[in-house]
Number of protein chains: 2
Amino acid sequence: MALEHAILVSLLEKPGSGYELARRFERSIGYFWTATHQQIYRVLKRMENDGWVDVRDVPQQGRPDKKEYSVADLGRAALSSWLQDPIEPESVRHDLAVKIRGAAFDDPAVLTREVERHRQAHRDRLAHYRAGETRDFPGPEASTAAPGAPLDAERELQHVVLRGGIAYEQMMIDWLDDVLATLARFGPSR
Amino acid sequence: MALEHAILVSLLEKPGSGYELARRFERSIGYFWTATHQQIYRVLKRMENDGWVDVRDVPQQGRPDKKEYSVADLGRAALSSWLQDPIEPESVRHDLAVKIRGAAFDDPAVLTREVERHRQAHRDRLAHYRAGETRDFPGPEASTAAPGAPLDAERELQHVVLRGGIAYEQMMIDWLDDVLATLARFGPSR
DNA sequence: GGTTGCTATGCAACGAGTTGCATAGCAGGA
DNA sequence: TCCTGCTATGCAACTCGTTGCATAGCAACC
């Protein structure tokens with residue numbers, strides 16, 4: 001499992017509350033790891049008990065107080081240990097692929113609409129990622145302007161992960177086009 | 001959830017025992033949906049109770065008896081209903097992406113080795129898929145040789161799903177190359 | 001004869017993830 | 001004033017998936 005590790009990475013990049021973490025899991029981190037606020041609060045509590053994170057009560061004006069979490073030494077050690085630990089290449093879970101094979105035993109027209117919906121969703125995500133890239137990583141080598149600062153690594157790694165998300169969405173769009181073309185080939189004849 | 005639906009599709013393609021299903025989930029179906037034999041047996045039992053599948057005791061020589069499952073009318077209806085039901089485009093879970101962003105706070109050399117391992121695993125899978133494609137789908141239009149038989153749809157859909165697996169592995173390999181190049185750029189300077 | 005290994009099925013316990021619900025302060029608009 | 005909506009946190013119940021273990025028949029090999 002890696003939710004606690006994803007939280008550690010996010011808190012290292014910037015300390016924050018459970019609520020803020022939940023926000024981030026809808027944005028950048030959420031591109032490759034989803035989590036609801038429930039999971040986050042639960043895991044944060046456990047991490048606090050284990051001494052992985054420090055908590056600080058932050059009063060706010062105009063809104064409820066928040067608990068700001070930051071990574072403690074034990075948490076850093078735990079993350080480091082996990083990073084050393086090899087993981088298995090993840091196995092995929094594609095509901096849509098099940099549906100596509102299942103369409104052989106049902107109405108393909110329904111599947112066509114479903115695939116079109118998914119393609120649109122992936123198009124939207126791709127546009128969203130590209131906008132984020134333009135906003136956060138402008139200019140070809142602008143990121144290496146500062147000479148050898150360690151912050152560069154953080155940014156470059158964030159960028160390469162984002163490029164992964166873009167490549168994934170592009171691949172999905174292309175493949176769904178292939179699926180639609182395949183459906184069109186034998187769909188009308190029925 | 002779609003494990004029961006994946007099982008239904010697999011049983012429609014060909015009836016079989018829980019053990020045989022587990023085998024298939026290590027092969028073709030497993031390309032896009034993983035399941036252990038435990039899950040399969042548990043779900044099969046539930047599906048049997050719900051009348052989704054029929055069971056038949058098959059004595060075998062030289063090996064233990066098996067229970068052969070096939071899809072009942074109720075199961076077919078359940079699958080059909082699920083196929084009609086729109087699903088959300090799946091959210092990704094990439095441990096490796098978490099690790100990559102985490103590498104900014106740890107030794108990047110360790111990550112380099114990890115990424116190389118994963119790239120090799122994806123290369124292996126890609127080779128495996130391509131071999132399966134050559135074996136099961138030879139010739140450009142050989143599949144459409146039989147005139148308009150419904151079996152064509154089944155094969156074509158299996159093929160397009162396999163092409164999706166191939167596209168995914170190829171994309172991952174390209175991206176991991178990108179990751180390695182990025183790591184090489186600032187890795188040595190530390 | 002004992003060990004290993006494959007087919008074939010299953011229980012029990014645990015951990016992770018989802019869903020529904022609850023609380024509470026405060027802001028802004030109808 | 002009431003309703004909606006956002007910040008902020010949390011409980012409880014449930015489902016799903018993983019892991020370890022157990023059983024049992026039979027084949028092949030040393």
Side-chain angles (χ1 to χ4, degrees), chain A residues 1-8 11 15-27 29-30 32-50 53 55-69 78 82 85 87-95 98, chain B residues 1-7 11 15-27 29-30 32-50 53 55-69 82 87-88 90-95 98:
Chain A
M1 223 298 295
L3 177 54
E4 37 236 290
H5 305 109
I7 289 176
L8 285 172
L11 288 180
S17 69
Y19 190 82
E20 284 163 350
L21 282 170
R23 295 278 116 167
R24 291 183 213 172
F25 274 87
E26 289 170 4
R27 298 178 44 259
I29 307 272
F32 52 89
W33 199 273
T34 58
T36 63
H37 73 277
Q38 291 304 343
Q39 285 177 71
I40 292 167
Y41 283 123
R42 200 199 305 170
V43 171
L44 273 177
K45 183 142 288 181
R46 191 176 61 224
M47 290 166 80
E48 189 189 339
N49 289 336
D50 294 350
V53 291
V55 201
R56 198 168 61 94
D57 264 55
V58 178
Q60 298 181 111
Q61 68 271 50
R63 51 181 69 175
D65 296 355
K66 67 173 181 180
K67 298 184 185 175
E68 193 180 78
Y69 291 87
W82 177 71
D85 206 34
I87 50 174
E88 284 310 297
E90 48 269 322
S91 41
V92 204
R93 284 274 167 103
H94 280 306
D95 297 71
V98 178
Chain B
M1 222 298 292
L3 177 53
E4 37 237 286
H5 304 111
I7 289 176
L11 288 180
S17 69
Y19 189 83
E20 283 163 351
L21 281 170
R23 295 277 116 167
R24 291 185 212 171
F25 275 88
E26 289 170 4
R27 300 178 44 259
I29 308 271
F32 51 89
W33 200 274
T34 57
T36 62
H37 74 277
Q38 292 303 341
Q39 286 176 73
I40 292 168
Y41 283 124
R42 203 198 303 170
V43 172
L44 273 177
K45 183 142 286 180
R46 191 174 63 224
M47 290 167 80
E48 189 189 339
N49 289 337
D50 293 349
V53 291
V55 202
R56 198 169 61 94
D57 263 54
V58 178
Q60 298 182 114
Q61 68 270 50
R63 49 181 72 173
D65 296 356
K66 68 173 179 179
K67 299 185 186 174
E68 193 182 76
Y69 291 87
W82 176 70
I87 50 174
E88 285 310 298
E90 49 269 321
S91 41
V92 206
R93 285 273 168 101
H94 280 307
D95 298 71
V98 178

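Bear in mind that the values here come from a model prediction, so they are computed numbers and not experimental data. These values consider heavy atoms only, across backbone and side chains, with no hydrogens, waters or symmetry-generated copies. Chain A is the first sequence line, chain B the second, and so forth, proteins listed ahead of strands; every chain is numbered from 1.
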Reckon [X] has a side-chain N or O less than 4.0 Å from the OP1 or OP2 of [N]?
| X | N | answer |
| --- | --- | --- |
| A:R42 | D:dT9 | no |
| A:K45 | D:dG10 | yes |
| B:S17 | C:dT9 | yes |

In whole Å, I'd like the distance from the [atom1] atom of [X] to the [atom2] atom of [N].
| X | N | atom1 | atom2 | result |
| --- | --- | --- | --- | --- |
| B:L44 | D:dC16 | CG | P | 14 Å |
| B:R56 | C:dT9 | CZ | P | 13 Å |
| A:H5 | C:dG15 | NE2 | P | 15 Å |
| A:I40 | C:dA16 | CD1 | P | 15 Å |
| B:D95 | C:dG17 | CG | C1' | 15 Å |
| B:I7 | D:dG17 | CD1 | P | 10 Å |
| B:E4 | D:dC16 | CD | P | 6 Å |
| A:Q39 | C:dG15 | CD | P | 16 Å |

Can you identify which nucleotide, out of [options], has its nearest atom closest to the [X] side chain?
| X | options | answer |
| --- | --- | --- |
| A:Y41 | C:dG10, C:dC6, D:dG10 | D:dG10 |
| A:Y19 | D:dC6, C:dA16, C:dT18 | D:dC6 |
| B:K66 | C:dA8, D:dA8, D:dG17 | C:dA8 |
| A:R23 | D:dT7, C:dT9, D:dG10 | D:dT7 |
| A:R46 | C:dA16, C:dT18, D:dA8 | C:dA16 |

Chi angles and distances behind the side-chain contact (heavy atoms from CB on, under 4.5 Å) call for B:D57, B:K67: CA-CA 5 Å; B:D57 263 54; B:K67 299 185 186 174; 4.0 Å; yes
Would you compute the distance between atom [atom1] of [X] and atom [atom2] of [Y] and round it to the nearest 0.5 angstrom?
| X | Y | atom1 | atom2 | result |
| --- | --- | --- | --- | --- |
| A:I7 | A:R24 | CD1 | CZ | 10.5 Å |
| A:L44 | A:Q39 | CG | CD | 11.5 Å |
| A:H37 | A:R42 | NE2 | CZ | 11.0 Å |
| A:Y19 | A:I40 | OH | CD1 | 11.5 Å |
| A:L21 | A:L3 | CG | CG | 9.5 Å |
| B:I87 | A:H94 | CD1 | NE2 | 10.5 Å |

Extract from the structure each pairing of a protein N or O with an N or O of nucleotides 20-24 of chain D at less than 3.5 Å, listing the distance.
unit_1: D:dG20; atom_1: O6; unit_2: B:Q38; atom_2: NE2; d: 3.0

Regarding B:T34, tell me which of base, sugar-phosphate or nothing describes its non-hydrogen contacts under 4.0 Å with the strands shown.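 No contact at all - B:T34 keeps every heavy atom at 4.0 Å or more from the nucleic acid.
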Taking side-chain contact (heavy atoms from CB on, under 4.5 Å) as the definition, give me every residue that meets it alongside A:E48, ordered by chain and number, with sequence neighbours left out.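 side-chain contact (heavy atoms from CB on, under 4.5 Å) check on A:E48 returns A:V53, A:V55, A:Y69.
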Upstream residue (5' side of DNA chain C) when A:A35 and B:E20 are each assigned their closest nucleotide: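 Of the two residues, B:E20 wins.
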